[in-house]
Number of protein chains: 2
Amino acid sequence: MAGKSEQTRQLVADVALRMFRDLGFEKTTMRAIAAEAGVSVGNAYYYFASKDDLVHELYLQVQAEHSHKAAEAVVGVKDLSGRLKATMHAGLDVMAPYHRFGAEFIATAIRPASPVNPFNDASTAAREASLAIFRTAADGASPAAARKLRAELPELLWLAYMGVTLFWVYDTSSGQRRTRKLVDGLAPLIARGLSLARIPGVSRILDDALDLSRNVRG
Amino acid sequence: MAGKSEQTRQLVADVALRMFRDLGFEKTTMRAIAAEAGVSVGNAYYYFASKDDLVHELYLQVQAEHSHKAAEAVVGVKDLSGRLKATMHAGLDVMAPYHRFGAEFIATAIRPASPVNPFNDASTAAREASLAIFRTAADGASPAAARKLRAELPELLWLAYMGVTLFWVYDTSSGQRRTRKLVDGLAPLIARGLSLARIPGVSRILDDALDLSRNVRG
DNA sequence: ACACAAATTTGAACATGTTCAAAAAGTGTG
DNA sequence: CACACTTTTTGAACATGTTCAAATTTGTGT
């Protein structure tokens with residue numbers, strides 16, 4: 001049977017992800033995962049180089065689901081504010097079951113060496129996928145953003161979403177409703193803020209900001 | 001001798017901080033710290049509840065030094081851009097020896113349970129001290145910022161500094177010169193950006209942004 | 001000086017992430 | 001089938017953060 005190996009891998013991943021959701025990150029020990037999956041600890045490591053790697057697996061799944069739900073949610077929505085709102089809420093929906101785990105997830109993801117780190121060069125693929133979600137939100141909007149912003153807009157929105165996610169991690173209000181409020185307020189603010197780009201005074205500063213951004217990334 | 005206990009505590013802290021600087025976070029094991037300090041592992045734990053607690057100690061020291069150096073650096077500097085630049089560079093100077101450790105530091109600090117977490121309610125004191133540095137930078141500046149911004153300005157600057165710090169962690173350019181460039185470009189941008197608050201179109205959006213911020217924090 | 005309590009120190013023990021040499025199972029070849 | 005070779009699986013071993021009961025030292029009142 002060719003799929004036997006893949007089967008074991010999938011089994012371990014499924015068990016791990018379920019345990020992450022139900023028990024949180026720390027309580028889900030590698031031994032517990034192995035036991036629950038009915039394999040040896042070493043076998044789990046044969047498929048996943050580290051516990052962080054299992055987090056990476058979770059990240060991929062969450063991201064795929066976000067991408068899917070966001071694409072659905074923006075159908076027929078024209079204005080940027082609405083599209084952004086829908087996209088961000090979709091993300092929050094997907095992450096919701098993992099809220100208690102979110103903090104550990106962030107701590108893991110933020111380490112430069114982590115395979116999950118979105119800023120890391122190594123995980124360009126994952127970052128691109130994540131960016132693509134916001135490119136969809138931005139590109140489909142009308143009226144379109146100011147020309148000089150168009151290229152960086154998805155990245156800007158993505159960055160805003162990173163901030164929202166950080167807020168969400170620390171949001172202890174029931175159902176994280178404060179984060180929902182934040183999204184509802186932030187999305188129109190961003191959309192309106194972008195329209196300011198046409199005011200001359202703002203425009204000059206914006207040019208400099210974009211210059212700095214490009215300059216400093218090289 | 002009354003200071004014996006304090007002496008041991010200080011010894012452990014000193015050794016730990018030096019090892020953090022020279023070896024990085026992971027290589028500095030609790031056993032290594034204890035051995036180097038000539039005490040038992042258990043004894044180190046008598047004074048510091050966890051390894052994270054030693055990171056907290058480092059955080060306090062870095063912050064105190066930043067506060068001191070920043071206060072010196074802004075003397076005689078009137079414009080906000082200059083004051084902000086001086087304050088941020090002072091922070092980078094202080095952190096520089098720990099750059100290789102910075103990533104682990106951030107990972108530790110970002111966990112809500114961490115004593116170092118700047119967003120955490122528990123560490124209000126540390127956060128206040130950190131904010132105070134930027135309050136000094138903002139309050140001493142002339143011309144003063146728009147009235148409605150004055151209250152939130154220190155927090156905004158502090159937040160910007162958090163962003164700069166995050167950038168710094170990932171900055172692998174030699175001597176982190178890209179982060180220096182970022183600060184040099186960002187400080188005047190922020191200062192000029194604030195002056196836009198008086199433009200009517202901008203002002204209205206700003207009001208909404210401040211509303212949202214207050215609303216969502218409650 | 002002595003007894004007793006409190007503070008300090010010790011080191012073994014535990015849980016967990018991770019590694020690895022060896023065993024087992026699978027696969028193709030004569 | 002027998003054999004060699006690869007892939008998969010195992011479980012013991014290791015390093016590290018942390019805990020804790022016991023030992024030691026220090027402080028205090030008599």
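Lettering follows sequence order; numbering is per chain, from 1.
Nearest-nucleotide positions on DNA chain C place B:V39 closer to the 5' end than the other of B:V39 and A:D52. Ranked by how close their nearest DNA chain C nucleotide is to the 5' end, A:G42 and A:E26 are led by A:E26.
In this entry the distance linking CG of A:L54 with P of C:dT16 reads 16 Å, nearest Å. Rounded to an integer number of Å, the gap from CD1 of A:I33 to P of C:dT16 is 12 Å. Counting to the nearest Å, the C1' atom of C:dT16 and the NZ atom of B:K51 are 15 Å from each other. Atom pair B:F20:CZ and D:dG17:P shows a separation of 9 Å (rounding to whole Å applied). Rounded to whole Å, atom P of D:dT8 lies 5 Å from atom OH of A:Y47. Atom-to-atom, OH of A:Y46 to C1' of C:dA22 comes out at 15 Å; the value is rounded to the nearest Å. If you measure from atom CZ of B:F48 to atom P of D:dG17, you get 15 Å, rounded to the nearest angstrom. One atom, CG of A:N43, and another, P of C:dA21, lie 18 Å apart when rounded to the nearest Å.
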Audit row: A:K27, A:E104, salt bridge (charged side-chain N to carboxylate O under 4.0 Å, His left out) steps and yes/no: CA-CA 12 Å; A:K27 289 259 193 75; A:E104 302 289 346; over 6 Å; no
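At the phosphate of D:dT9, neither OP1 nor OP2 sits under 4.0 Å from any side-chain N or O atom of A:S40. At the phosphate of D:dT9, OP1 or OP2 sits under 4.0 Å from a side-chain N or O atom of A:T8.
For the pair B:R127 and B:W158, the distance from NZ or CZ to the six-membered ring centre is under 6.0 Å and the angle to the ring normal is within 45 degrees. With A:Y45 as the aromatic partner, A:K51 does not meet the cation-pi criteria of under 6.0 angstrom to the ring centre and within 45 degrees of the ring axis.
A salt bridge links A:R192 with B:D208: at least one charged nitrogen is closer than 4.0 Å to a carboxylate oxygen.
Taking only side-chain atoms of A:T29, from C-beta outward, the nucleotide of D:dT8, C:dG17, D:dT18 with the closest atom is C:dG17.
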